[in-house]
There are 2 protein chains.
Amino acid sequence: MTSRTPRPRERGIPEATVARLPLYLRALHGLSERGTPTVSSEELASVAGVNSAKLRKDLSHLGSYGTRGVGYDVEYLIYQISRELGLTQDWSVAIIGAGNLGRALADYGGFGTRGFRIAALLDADPKTVGREVAGLSVRHIDELEDVVSDEKVSIGVIATPAAAAQGVCDRCVGAGVGSILNFAPVVLNVPEHVDVRKVDLSIELQILAFHEQRKAVGRRGPGWADALEV
Amino acid sequence: MTSRTPRPRERGIPEATVARLPLYLRALHGLSERGTPTVSSEELASVAGVNSAKLRKDLSHLGSYGTRGVGYDVEYLIYQISRELGLTQDWSVAIIGAGNLGRALADYGGFGTRGFRIAALLDADPKTVGREVAGLSVRHIDELEDVVSDEKVSIGVIATPAAAAQGVCDRCVGAGVGSILNFAPVVLNVPEHVDVRKVDLSIELQILAFHEQRKAVGRRGPGWADALEV
DNA sequence: ACGCCCTTGTGAAAGCGCGCACAAAGTGGG
DNA sequence: CCCACTTTGTGCGCGCTTTCACAAGGGCGT
């Protein structure tokens, strides 16, 4: 262990901040492509759609990479955020499930351009295996363990039907996958050391429906819902 | 207007709670299909993957729908949550963008079963227009305003390339859409009264990469990252 | 009818995230 | 060389979220 921690960095980046770093990174790439050399917190915050004070506080968790009176150097900040997120190295990803969603994910350009390499696209259906998708030949699910091992896959993307998800998840974890992105509408049980993030399209719609209904209630006048009760 | 508000309900459901209600609903549907008549907060919380105290507090915001010593009636709770989320009425959804992702969304079964009806699937590409997807014929983007008006569409799903998203969004808002689910990797600008939720597949992967890297750093011993600095 | 046991519903406290507002620091012009 | 201007980095208070712990309430066996 190195004496005592020299800075409060590296250890304590708030989860909320981590979730926004990719957002800043995306905005910065946009500025970079347009040739902008430096950017103020105000401008960057505006592009990223957040409060400028929040942006500055977020960035301050990584270190002091800005220049007072000037702003942030775009390229340098891109590098620092990328490094913090671990995007300066490549990550191998396996997508399990080659249905509509799995194929859409494999075909999605946003992955390859940010340090993620799709190592394999797997499916259980023999009729789908062998099919060509986004330059990849769909492989059989039983090759999962070999793929994870050979390709050093550390992130698994589950795009299977709900019923198959937990089984696939267990096999991923058993094979050594450390993080899972789950698109199946189930809660996955995993060991302590495995990270899971979920994306549920149906849930997002339901949240929107709630707000939409509230707006409708407001237009009709309050209190009408009570009439339906009891 | 009904005298004074009888309960502190309806008005003040925390956003964090709203985001979890669909999760509980999904868990309850599972229990319902298995014929379970009642469920305790402990059991339901376990299935939904949350803390039982949090579950109880969440449900308490809707009212007192449990029975002490027994638990919650599954069917009754399903009804109450559905009503609160506004799922007892049908919502018309338009999906804009019939690429891989748009088609996957149109084909995704989870929508129709939860009170959402896909009114139309639209695309700008003449070669895609007319194609049959999930029982729907892809229509041209210029029909957007007509579709929204005729089909009473209140939720728009944007599955277009990033460059087209803001334009499509503006047209949706102009046509009267009140909520937008955005899959394009851009920050959308909308008027005050419009709700936007975003799903960015690339961002989720980047967050996982961060945690994965942290785990790797831990294994190699702390402090190695500092050697790369300056 | 009574008392035991189970589970809900909720105060209270701790934790976290957000945004204001300002001091610190660096730039450029005169 | 100094001063005015710009922008960062952050201390602080506020409100939301989570969690604990327990009193209140209801069923069930005897």
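Below, each value reflects all heavy atoms present in this structure, side chains not excepted, and no hydrogens, waters or symmetry copies. Numbered from 1 within each chain, the chains take letters A, B, ... in sequence-line order.
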I want to confirm an ordering. Mapping A/Thr67 and B/Val39 to their closest nucleotides on DNA chain C, which one lands closer to the 5' end? B/Val39
Chain B on DNA chain D: first and last contacting nucleotide, 5' to 3', under 4.0 Å to a heavy atom? D/dT17 to D/dG27
Please give, in whole Å, the distance from C/dT8 C1' to B/Glu43 CD? 14 Å
Rounded to whole Å, how long is the line connecting atom NZ of B/Lys54 with atom C1' of C/dT10? 17 Å
Comparing nearest nucleotides in DNA chain C, the 5'-proximal residue of the pair A/Val70, A/Ala53 is A/Ala53
Would you indicate what A/Thr17 reaches in the nucleic acid, counting non-hydrogen atoms under 4.0 angstrom: base, sugar-phosphate, or nothing? nothing
How many whole angstroms separate atom CG of A/Leu59 from atom P of C/dC18? 14 Å
Whole-Å distance separating the NZ atom of A/Lys57 from the C1' atom of C/dC16: 12 Å
Quickly work out the A/Asp58 CG to C/dC18 P distance and round it to whole Å. 7 Å
At under 4.0 Å, does any side-chain N or O of A/Arg20 touch on OP1 or OP2 of C/dC18? yes
Would you say the base of C/dT7 and the side-chain of B/Arg68 have a donor-acceptor pair closer than 3.5 Å? no
How many whole angstroms separate atom CG of B/Leu77 from atom P of C/dT7? 16 Å
Run the numbers on B/Leu21 and B/Leu62 for side chain to side chain contact (heavy atoms under 4.5 Å, CB included), then give the verdict. CA-CA 10 Å; B/Leu21 290 180; B/Leu62 321 188; 4.1 Å; yes
Can you find a side-chain donor-acceptor pair between B/Glu42 and B/Ser46 that sits under 3.5 Å? no
Over how many whole Å does the gap from A/Leu55 atom CG to C/dC18 atom P extend? 12 Å
For residues A/Thr36 and A/Thr38, report the shortest heavy-atom separation together with the two atoms involved. CG2-O, 3.3 Å
Under 3.5 Å, is there a donor-acceptor pair between the A/Tyr79 and A/Glu75 side chains? no
Under-4.0 Å side-chain N/O to phosphate OP1/OP2 contact, B/Tyr72 with C/dG9: yes
When rounded to whole Å, the NE2 to P distance for the pair B/His61 and C/dT10 reads 9 Å
B/Tyr65/B/Ile81 under side chain to side chain contact (heavy atoms under 4.5 Å, CB included): CA gap, chis, key distance, verdict: CA-CA 10 Å; B/Tyr65 297 139; B/Ile81 295 180; over 6 Å; no
Could you go through residues 175-189 of chain A and list every donor-acceptor pair under 3.5 Å that involves a side-chain atom there, pairing it with any protein atom two or more places apart or in another chain?
unit_1	atom_1	unit_2	atom_2	d
A/Ser179	OG	B/Glu212	OE1	2.4
A/Asn182	OD1	A/Ala184	N	2.9
A/Asn182	ND2	A/Ala184	O	3.1
A/Asn182	ND2	A/Val186	O	3.2

Is there a side chain to side chain contact (heavy atoms under 4.5 Å, CB included) between B/Leu31 and B/Leu44? Walk through the geometry before answering. CA-CA 9 Å; B/Leu31 292 169; B/Leu44 183 53; 4.1 Å; yes
